[in-house]
J.: 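Have a look at the structure that comes next, please.
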Amino acid sequence: MTAAPAPWLVVRRLGGLVRFSHTVFGLPFALAAVALAHRHALAHGGAGLDLGRLALIVLAFTAARTAAMGFNRIVDRRIDAANPRTAMRELPAGLVSLRAAVLLTVLSSLAFLGCAWLLGPVPLLLAPGCLIVVLAYSLFKRFSWSAHLVLGLALSLAPGGAWVAVTSDLAAPATPLWLMLAVATWVAGFDILYSLQDETFDREQRLHSIPVRFGTVGALVFSALLHVGTVAALVVVHLREGLGVAHAVGVALIAAILVYEHAIVRPGDLSRIDKAFFDLNGYISMAYLACALIATLV
C-alpha cells in the first residue's frame, strides 16, 4: 500500500494546482480598488474601511480565485493531459486526486459566499452571480473564441466587488466601472498572448481561442488593442478621481511595461511569452497597487 503524502506536501500540491502564486495578478488591483474606494468614501462623508473588512475582502478574493482555478483544472483535466505543455499539471500527473480538487473547489466557493455574507447584504446579493462568472469562464473555449474576454470579465469583478465591499453601495460612481474595464482588457490581452503557445494544439483539439480564430498576427493586434484600452481606462480613473502625480506615474509605468511586453512577443519569436506573462504582468499589478496607495495616502 502506498503511503499517504505528508500534509505539507498535500498543501503544496494543492497550491500548485490552483497556481496560488498567480494571485499577484489580480489581488493588487482589488487592493488598489479598496484604497481608492476608501479615499472616495471619506471624501463624501462615508465611514471608509476598517481592518476587519479589509481582511474579509482579501479572503473573499482568494477564495473566489481558488474556486475558479480549481474548477478550471477539474473541467480541463483531460485536455491538460493531452497537451504536452500541461501534461504534468497536478491532476493529469496524479499528484492531486480529483476528489481533493473537487473538495477544494467546493470549500473555496462556500468560503467566498461566507465572506460576502459577512461583508453585508449588498456583497451577498452580488456574490452568487460573480461566482457563476468566475467558474463559467473555463467552459467558453469549448464553443467560443471570446474565452479570453470572459476571463477578463471574471478578474474585473475583483476591483468592482472590492469597491462595493468598502462602500456597501450599489449606486457607486462610474470610477469602479472604468477600473473594471482596465482590468478586463489587461487580463484578456495577456491571456491572448499566453494562449499563443497552444494555437496548434487548440486547432487539433477543435478548441476555440483568438489565436485559432484570427491567427498569430491577428491575436497580437487584438491583444495590443485591448492593452491600449487598459491604459485609456486607467487615465479615465485618474481624471475622474483627481489623483495626483504618483498615480499618473503608475499609469505611465504600466503603459511602458505593456509596450515592452508586446515588443518581446513577435509572430516569429514566441520564446519570451513566459517572461511577458509572469514577470511583466506581475510588475504591472504591483506597480499599480503601490501608486494607488501613495495617491490615497498623500
Side-chain angles (χ1 to χ4, degrees), residues 24-37 39-40 43 133 137 145-164 167 172-196 210-211 213-214 217-266 276-277 279-296 298:
V24 71
F25 296 144
L27 182 58
F29 270 97
L31 294 177
V34 167
L36 295 176
R39 178 181 183 274
H40 183 90
V133 172
Y137 91 84
W145 55 261
S146 67
H148 317 280
L149 305 179
V150 179
L151 175 60
L153 172 63
L155 266 292
S156 77
L157 295 174
W163 189 288
V164 171
T167 62
T175 299
L177 296 178
W178 284 105
L179 188 55
M180 290 174 67
L181 179 62
V183 171
T185 52
W186 169 57
V187 171
F190 75 64
D191 190 60
I192 291 169
L193 295 181
Y194 192 64
S195 69
L196 286 168
I210 284 176
R213 176 66 179 81
F214 299 102
V217 174
L220 289 171
V221 172
F222 206 129
S223 174
L225 291 174
L226 285 170
H227 284 158
V228 169
T230 301
V231 176
L234 290 176
V235 169
V236 174
V237 171
H238 179 83
L239 296 175
R240 285 189 58 86
E241 292 300 307
L243 299 169
V245 174
H247 188 269
V249 169
V251 174
L253 181 59
I254 286 171
I257 295 173
L258 287 173
V259 168
Y260 178 63
E261 181 174 317
H262 285 273
I264 67 173
V265 180
R266 302 169 186 156
F277 180 76
D279 296 349
L280 298 182
N281 287 294
Y283 298 154
I284 284 172
S285 59
M286 295 305 296
Y288 189 73
L289 174 58
C291 293
L293 288 175
I294 293 171
T296 302
V298 172

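Computed over heavy atoms, backbone and side chain alike; hydrogens, waters and symmetry mates excluded. FYI, the numbering just counts along the sequence from 1.
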J.: Show the nearest heavy-atom pair for residues Leu289 and Ala32, with the distance to one decimal.
T.: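 Shortest heavy-atom separation between Leu289 and Ala32 comes out as CD1-N, 3.7 Å.
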
J.: Return the minimal non-hydrogen interatomic distance between Ala295 and Ala246, and the atom names on each side.
T.: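 So the minimum-distance heavy-atom pair works out to N-CB, 4.3 Å.
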
J.: Find out whether Val133 and Tyr137 are in side-chain contact, i.e. whether some heavy atom of one side chain is under 4.5 Å from a heavy atom of the other.
T.: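 Counting from C-beta outward, Val133 and Tyr137 never come under 4.5 Å.
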
J.: Could you state the interatomic distance from CG (Leu258) to CH2 (Trp186), rounded to the nearest 0.5 Å?
T.: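 Reported value, rounded in 0.5 Å steps: 9.0 Å.
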
J.: Can Leu293 and Leu31 be said to form a side-chain contact (heavy atoms from CB on, under 4.5 Å), step by step?
T.: CA-CA 9 Å; Leu293 288 175; Leu31 294 177; over 6 Å; no

J.: Sequence neighbours left out, what passes ring-ring contact (aromatic ring centres under 6.0 Å, His included) with Tyr288? Give chain and number order.
T.: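 Here the qualifying residues are Phe29, His247.
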
J.: Would you say the side-chain atoms of Arg39 pair up with the backbone N or O of Glu241, donor to acceptor, closer than 3.5 Å?
T.: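 At least one qualifying donor-acceptor pair exists.
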
J.: Which atom pairs, donor and acceptor, lie under 3.5 Å between side-chain atoms of residues 152-160 and protein residues at least two apart or in another chain?
T.:
unit_1	atom_1	unit_2	atom_2	d
Ser156	OG	Leu153	O	2.7

J.: State, to 0.1 Å, how close Leu234 and Val251 come at their nearest heavy-atom pair, and which atoms those are.
T.: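 Distance-wise, the nearest heavy atoms are CB-CG2, 3.9 Å.
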
J.: With rounding to the nearest 0.5 Å, note down the distance linking CG in Leu220 to CG in Leu193.
T.: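 It is 6.5 Å, given to the nearest 0.5 Å.
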
J.: Walk me through it: do Leu36 and Val237 pass the test side-chain contact (heavy atoms from CB on, under 4.5 Å)?
T.: CA-CA 10 Å; Leu36 295 176; Val237 171; 4.2 Å; yes

J.: At their closest point, which heavy atom of Thr185 faces which heavy atom of Gly229, and how far apart are they?
T.: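 For Thr185 versus Gly229, the nearest heavy atoms are OG1-C, 3.8 Å.
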
J.: Tell me every residue that passes side chain to side chain contact (heavy atoms under 4.5 Å, CB included) with Leu253, counting only those two or more places apart in sequence or in another chain.
T.: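 Per chain and number, Leu253 pairs via side chain to side chain contact (heavy atoms under 4.5 Å, CB included) with Ile257, Ala287.
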
J.: Write down the atom of Met286, the atom of Pro28, and the distance for their closest heavy-atom approach.
T.: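 Smallest heavy-atom distance, with atoms named: SD-CG, 3.6 Å.
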
J.: As an exercise, state the distance from CD1 of Ile254 to OG1 of Thr230, rounded to the nearest 0.5 Å.
T.: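 OG1 of Thr230 is found 9.0 Å from CD1 of Ile254.
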
J.: Just so I know, are the side chains of Trp163 and Thr175 near enough to count as touching, which here means a heavy-atom distance under 4.5 Å?
T.: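 Counting from C-beta outward, Trp163 and Thr175 do come under 4.5 Å.
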
J.: Might you point out which heavy atoms bring Thr296 and Ala292 nearest each other, and give the distance in Å?
T.: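 Smallest interatomic distance, heavy atoms only, reads OG1-O, 2.7 Å.
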
J.: Please walk me through it: do Asp191 and Ile210 pass side-chain contact (heavy atoms from CB on, under 4.5 Å)?
T.: CA-CA 10 Å; Asp191 190 60; Ile210 284 176; over 6 Å; no

J.: CG of Leu196 to OG of Ser223: how many Å apart, nearest 0.5 Å?
T.: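 Answer rounded to 0.5 Å: 8.0 Å.
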
J.: CG of Leu177 to CZ of Arg240: how many Å apart, nearest 0.5 Å?
T.: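 One gets 9.0 Å once the value is rounded to the nearest 0.5 Å.
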
J.: Any side-chain heavy atom of Cys291 sitting closer than 4.5 Å to one from His238?
T.: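 No, their side chains stay 4.5 Å or more apart.
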
J.: Starting at OH of Tyr283, measure out to CG of Leu280 and round the result to the nearest 0.5 Å.
T.: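 Answer rounded to 0.5 Å: 7.0 Å.
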
